[in-house]
Amino acid sequence: MDVTWHAGWPSPKHDTAPEIQVHAYDERTYILRQNKSVHYEAPFLFLLLGDDRALLLDTGATPEPGYFPLRGLVDELIAASHPEPGYGLVVAHTHGHGDHVAGDGQFDGRDDTVIVGSGLDEVVEFYGFPEWPSGLAELDLGGRIVDVIPGPGHESAATVFYDRATGLLFTGDSLYPGRLYVFDWPAFVATVDRLAEFCATREITHVLGCHIEMAGEPGKDYPRGTTYQPDEPPLELGVDHVHQLQRALAKIDGAQGFHRFDDFIVQVF
């Protein structure tokens with residue numbers, strides 16, 4: 001994770017940085033960030049390459065390829081290592097909110113591509129969850145297995161992904177250095193407990209969510225809609241943050257409102 005993320009520009013229209021920043025975690029794992037000058041949410045997306053097909057987690061906050069050329073970038077990254085015909089792509093989501101699914105349409109009609117719907121029935125059917133939100137599912141990319149963990153609470157069909165090859169845990173909007181919006185309290189508490197139990201028996205290198213919203217000072221965040229964040233903390237968190245979130249939820253005990261902690265903020269609706 002030796003990377004400095006581009007955090008927008010004081011004048012977005014004068015930002016000369018690419019619409020999408022690319023970090024090669026390794027030769028088969030890419031972390032993408034949408035430029036805040038394109039959309040203030042600046043979500044992170046993840047591309048994992050297996051032997052038979054790739055997995056793209058989320059498609060960003062902007063549908064138009066002219067402003068957000070996601071399809072072209074993904075095609076380029078895949079072609080660099082898997083130029084052979086028939087190599088597949090699964091377009092999936094950490095959850096179905098608009099800043100994570102807006103680019104889905106760019107992949108319509110792409111050969112050898114499956115776009116996983118973001119509704120609960122579609123998620124359960126595609127991954128084959130035996131009894132949502134219990135149990136785990138697996139996605140085989142060919143020589144690379146990704147575990148899929150039910151993660152409702154922020155959104156009803158949210159999922160968390162664990163890549164066995166790298167030890168990366170992709171937590172979507174359930175845990176990241178920013179504002180964690182909880183719309184279903186019991187489901188969110190169960191998700192965090194589920195993640196803690198999962199992490200107890202796996203090697204986790206980093207916990208990667210989909211946003212950075214905190215500022216450099218503990219407990220301080222940038223206001224919603226900010227397009228320039230010059231003092232961001234790192235994206236990556238660790239297993240200790242999963243336990244910190246568990247303790248935070250126990251302290252909050254379902255109380256509605258805004259609850260500040262050093263590395264994240266929990267807002268309960």
Side-chain angles (χ1 to χ4, degrees), residues 1 3 17-35 38-39 43-96 98-119 121-129 136-149 157 159-170 172 205-206 208 210:
M1 294 299 297
V3 56
E19 296 90 346
I20 307 171
Q21 181 180 357
V22 181
H23 172 63
Y25 182 80
D26 61 30
E27 62 184 9
R28 301 198 306 162
T29 309
Y30 296 92
I31 303 173
L32 317 178
R33 189 190 195 182
Q34 183 168 359
N35 192 331
V38 176
H39 196 288
F44 287 84
L45 296 71
F46 309 95
L47 181 65
L48 313 180
L49 304 180
D51 294 336
D52 302 325
R53 56 181 175 170
L55 171 65
L56 175 64
L57 292 178
D58 291 345
T59 61
T62 302
E64 300 89 355
Y67 296 103
F68 183 57
L70 179 63
R71 162 74 181 273
L73 175 60
V74 169
D75 286 349
E76 178 183 325
L77 293 174
I78 290 175
S81 57
H82 291 279
E84 65 275 9
Y87 186 79
L89 173 65
V90 176
V91 178
H93 312 92
T94 58
H95 63 292
D99 54 322
H100 299 264
V101 304
D104 281 14
Q106 294 189 32
F107 296 90
D108 287 343
R110 186 184 185 278
D111 291 341
D112 304 303
T113 299
V114 175
I115 302 174
V116 182
S118 57
D121 290 344
E122 297 163 298
V123 167
V124 170
E125 180 180 0
F126 179 80
Y127 295 113
F129 285 109
L136 303 174
E138 295 181 3
L139 185 61
D140 188 352
L141 303 179
R144 187 174 194 174
I145 301 292
V146 177
D147 293 299
V148 190
I149 309 162
T159 43
V160 173
F161 298 83
Y162 174 70
D163 176 35
R164 298 182 190 178
T166 60
L168 296 174
L169 184 70
F170 303 101
T205 53
H206 299 293
L208 301 180
C210 285

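One is the number of the first residue; the rest follow in order along the sequence. Any value given below was found using the heavy atoms of this structure, including those in side chains, with hydrogens, waters and symmetry copies removed. Predicted model only: the values in this text are computed from it and were never measured.
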- Any idea how Tyr127 and Phe161 line up, ring-wise: parallel (<30°), tilted (30 to 60°), or perpendicular (>60°)? perpendicular
- Query: Do Arg53 and Asp112 have side chains that get closer than 4.5 Å, going by heavy atoms?
  - Reply: no
- Quick one: pull up CG in Leu139 and CG in Leu48 and give me the separation to the nearest 0.5 Å. 9.5 Å
- When rounded to the nearest 0.5 angstrom, what is the spacing between CZ in Phe170 and OH in Tyr162? 10.5 Å
- How about Asp147 and Glu138: do any of their side-chain heavy atoms sit closer than 4.5 Å? yes
- In short, Gly96 meets Ser118 closest at the heavy-atom pair CA-CB, 3.7 Å
- Task: Using a 4.5 Å cut-off on heavy atoms from C-beta on, say whether the side chain of Leu45 contacts that of Val74.
- Result: no
- Message: Tell me if the CG atom of Asp121 is crowded by more than 12 foreign heavy atoms within 6.0 Å.
- Response: no
- Note on the structure: The side chain to side chain contact (heavy atoms under 4.5 Å, CB included) partner of Ile78 among Leu56, Leu89, Leu73 is Leu89
- Query: Parallel under 30°, tilted from 30 to 60°, perpendicular over 60°: which one fits the rings of Phe46 and Phe44?
  - Reply: parallel
- Message: In the structure I gave you, are the side-chain heavy atoms of Pro65 and Arg71 within less than 4.5 Å of one another anywhere?
- Response: no
- Task: Test Arg144 against every option in Asp52, Asp163, Asp51 by the side-chain hydrogen bond (donor to acceptor under 3.5 Å, both in side chains) rule and name the one that passes.
- Result: Asp163
- Message: I want to check something: taking the side chain as every heavy atom from C-beta on, are His39 and Tyr67 in contact at a cut-off of under 4.5 Å?
- Response: no
